[in-house]
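Here is the structure we will look at, set down as structure tokens.
Atoms within each ligand, like the ligands themselves, are counted from 1 in listed order.
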Amino acid sequence: MWWTDLLLYFFPELCLVCGKRLSRAGSILCLKCEYNLPKPDFGNLDNSPVNQTFWGRVPVEKSTSLFRFEKGSPYQVLLHELKYHGNQAAGLYLGRLLGQELLHSSLSGCDILVPVPLHNKRQKKRGYNQSELIARGVSEITGIPVIPDLLTRTVHQTSQTSLGRYERYQNIKGNFSVSSRAPDVNGMKILLIDDVLTTGSTLEACSWTLLNYFNCRIYIATLSLA
Ligand SMILES: [Zn+2]
């Protein structure tokens, strides 16, 4: 909204969710909003709803998300900032939070982080790939290296929001390929990183692209679960 933009212009160090002044440099949330982030309590990762998304579709070892994305939630602003308002600091910051969650799980044993790529055209327009920023934040905390160009997106996809899960996957399954500059990642545990998990079609397509090319194991972490 215009007034939040105006406030941020004059007082850039404000919590994105509640608008309070921030005391910590490089953060985008105050301590209270960070603490109240709607984190899903998955307990055992094996049965998490994130894991269940991929059951019967693609062999994903384990997967998790940092927070739940609910319509009308004040936390919705985080993804908007990251994807549409050029707020790259939000990607790094949320990536670090995701990294802290991963430290306490078996996903911290992965060998490399691979962000879901954007098509060149879209990345040029946006100026960055939000999933790569998240991966960089995760890497800062976990020490796992990021390989941003392992996968490339070969087809420029228009919006898929009107399609169901099956149609989305049919639409997107041929859109990724292993980059010609890709290092040999045979035998590795690959942690795919994306911003939002909705139907899982994009991550399914990325997973199959890697599994068909390499002898590897796939893990998944996203910022939010829609
Ligand atoms: Zn706050």
Practice item. Among residues two or more places apart or on two chains, list those pairs meeting salt bridge (charged side-chain N to carboxylate O under 4.0 Å, His left out) that have a residue in residues 204-226. Key: Arg57-Glu204
Check your understanding: What distance do Leu79 atom CG and Asp195 atom CG have between them, rounded to the nearest 0.5 Å?
Key -> 6.5 Å
Revision key, fill the gap. By ring-ring contact (aromatic ring centres under 6.0 Å, His included), Tyr35 pairs with (sequence neighbours left out) none
Practice item. Taking salt bridge (charged side-chain N to carboxylate O under 4.0 Å, His left out) as the test, write out the residues that go with Glu70, two or more places apart. Key: none
Check your understanding: At distances under 2.8 Å, what protein N, O or S atoms surround the Zn ion (ligand 1)?
Key -> Cys15 SG, Cys18 SG, Cys30 SG, Cys33 SG
**Study point:** Pairing of Asp149 and Arg181 as salt bridge, 4.0 angstrom limit
**Key:** yes
Review point. Okay, side chain of Thr209, backbone of Ser177: is any donor-acceptor separation there less than 3.5 Å?
Key: no
